[in-house]
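Heads up, the thing below is written out as structure tokens.
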Amino acid sequence: MIDQLRTMAIFQTVAELGSFRQAAKSLHLSPSVISHHISKLEEELGTPLLYRSTRRMSLTDAGAELLGASQRMTAAARDGLSAVKKRRQQPTGTLTVAASTPFSQSPYAESFTRFSQTYPDVHLNIRLENAYVALEGSNIDVAIRGSTSGLDDSSYKARKLGNVWFCIFAAPSYVHARPTPQSMEDLIDWDWIQCTPISWSAFAKLQGAAEPERSPRIVATCNDFAMARKFVDEGLGFMIETYPLVADDFRAGRLVQLLPQLELRPIDCYAIYPANSPKDGLAQLFIEFMLDQPWAAEHHFGRR
């Protein structure tokens, strides 16, 4: 089929230019090669396509019909190539991004909004969930994931976006009348609103502490940041989350940062994408865009 399409394109050039010699010059082929392709095509179709004479060349009825079909074929090919070229200049298509539920909040959510505003022809499909999602066999183009011990999607590429630093916080109403904690051990008798699916012992290890014998009482577990944050605002307990989500609240006094002197080892944050993702494709475009966001520069993607 590929050889036939190539021969049809050669035939079309001959028919449109009205000369084997002119077609040969246009296609950078020899006249004998042009003649060979036309003869082979006529032989395969079992009918003449061109009337040849020493002075002129004309199309047979079959040749005229084939010319029309060939012109439609090349026009479709040009349209396709043009669409791909336009896609590179003004990206289009669907981009599916997987991330954890806190990405529905500021300032992460605004980054998605700005991406859509910048590239209005891109359909942004965002999947937010805290449960692990296997990328193999999925339609996910980019997954944003944090890790303390490497990544397991070995067939995918990973680009480090930066570090995610956690902080501990509570509402002023909850902190009031409680002694100021000096270590995570001092929070054992406090109430914990658990949102990020990380155990207390794992947070203790981020601090470099030994395995704790006890953990705070978990008042509520919620996989939605907005709801967990509501519990915190109502004074039900403290919470642990990434710093950019609550930085403005600290500055405005809506939340109190607990143990600000505590250095929890950061979690590496990666953008994971298929190995065959094109360098100028939507996945790479999205990753570069996220790295260029003001909050990413301010917090080093989550660092205080």
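Of the possible donor and acceptor atoms, one in the side chain of R178 sits under 3.5 Å from a partner among the backbone N and O of Y174.
Under the ring pair (Phe, Tyr, Trp, His ring centres under 6.0 Å) criterion, Y51 pairs with no residue, sequence neighbours left out. Shown here are the side-chain contact (heavy atoms from CB on, under 4.5 Å) partners of K160, two or more places apart in sequence or in another chain: N163, D268, Y270. Taking P172 as the reference, V256 meet the side-chain contact (heavy atoms from CB on, under 4.5 Å) condition, with sequence neighbours excluded. Residues satisfying the salt bridge (Lys or Arg N to Asp or Glu O under 4.0 Å) test with K230, not counting sequence neighbours, are E234. With sequence neighbours excluded, the residues forming a side-chain contact (heavy atoms from CB on, under 4.5 Å) with T96 are T94, N125, R127, N139, I140, D141, listed by chain and number. Partners of F115 by ring pair (Phe, Tyr, Trp, His ring centres under 6.0 Å), not counting sequence neighbours, listed by chain and number: Y119, F286, F289. For D248, the salt bridge (Lys or Arg N to Asp or Glu O under 4.0 Å) test picks out R251, with sequence neighbours left out. Residues satisfying the side-chain contact (heavy atoms from CB on, under 4.5 Å) criterion with S104, sequence neighbours excluded, are L128. For R159, the salt bridge (Lys or Arg N to Asp or Glu O under 4.0 Å) partners at least two apart in sequence or on another chain are E288.
L41 pairs with exactly one of L50, T47, T7 by the side chain to side chain contact (heavy atoms under 4.5 Å, CB included) rule, that one being T7.
If you look at Y243 and F250, their ring centroids are closer than 6.0 Å.
Looking at I188 and E213, their side chains never come closer than 4.5 Å, going by heavy atoms from C-beta outward. Proximity of C195 to M239: side-chain heavy atoms (C-beta onward) are separated by under 4.5 Å at one or more points. Taking the side chain as every heavy atom from C-beta outward, K157 and I272 never approach each other to under 4.5 Å. The side-chain heavy atoms of M73 and L5, taken from C-beta on, include a pair separated by under 4.5 Å. Using a 4.5 Å heavy-atom threshold, the side chains of I38 and S35 count as separate. Two residues are said to be in side-chain contact when any heavy atoms from C-beta on lie closer than 4.5 Å; Q22 and I34 fail this criterion. For the pair F203 and L187, the minimum side-chain heavy-atom distance is 4.5 Å or more. Side chains of T180 and Q182 form a contact here, defined as non-hydrogen atoms less than 4.5 Å apart.
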For residues 214-221, which side-chain N or O atoms pair as donor and acceptor with protein atoms under 3.5 Å away, sequence neighbours left out?
| residue | atom | partner | partner atom | Å |
| --- | --- | --- | --- | --- |
| R214 | NH2 | D189 | OD1 | 2.9 |
| R217 | NE | D191 | OD1 | 3.4 |
| R217 | NH2 | D191 | OD1 | 3.1 |
| T221 | OG1 | Q194 | OE1 | 3.3 |

Under 3.5 Å donor-acceptor pairs involving side-chain atoms of residues 8-18, not counting sequence neighbours:
| residue | atom | partner | partner atom | Å |
| --- | --- | --- | --- | --- |
| Q12 | OE1 | S70 | OG | 2.7 |
| Q12 | OE1 | T74 | OG1 | 3.3 |
| Q12 | NE2 | E16 | OE2 | 3.0 |
| Q12 | NE2 | T74 | OG1 | 3.3 |
| T13 | OG1 | A9 | O | 3.0 |
| E16 | OE2 | Q71 | NE2 | 2.9 |

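Across all their heavy atoms, Y156 and P274 have their closest contact at CD2-N, 3.4 Å.
Relative ring orientation between W192 and F238 is described as parallel, the plane-to-plane angle staying below 30° on a 0-90° scale split at 30° and 60°.
Within the structure, the salt bridge (charged side-chain N to carboxylate O under 4.0 Å, His left out) test picks out the following pairs touching residues 26-46 (sequence neighbours left out): E42-R52.
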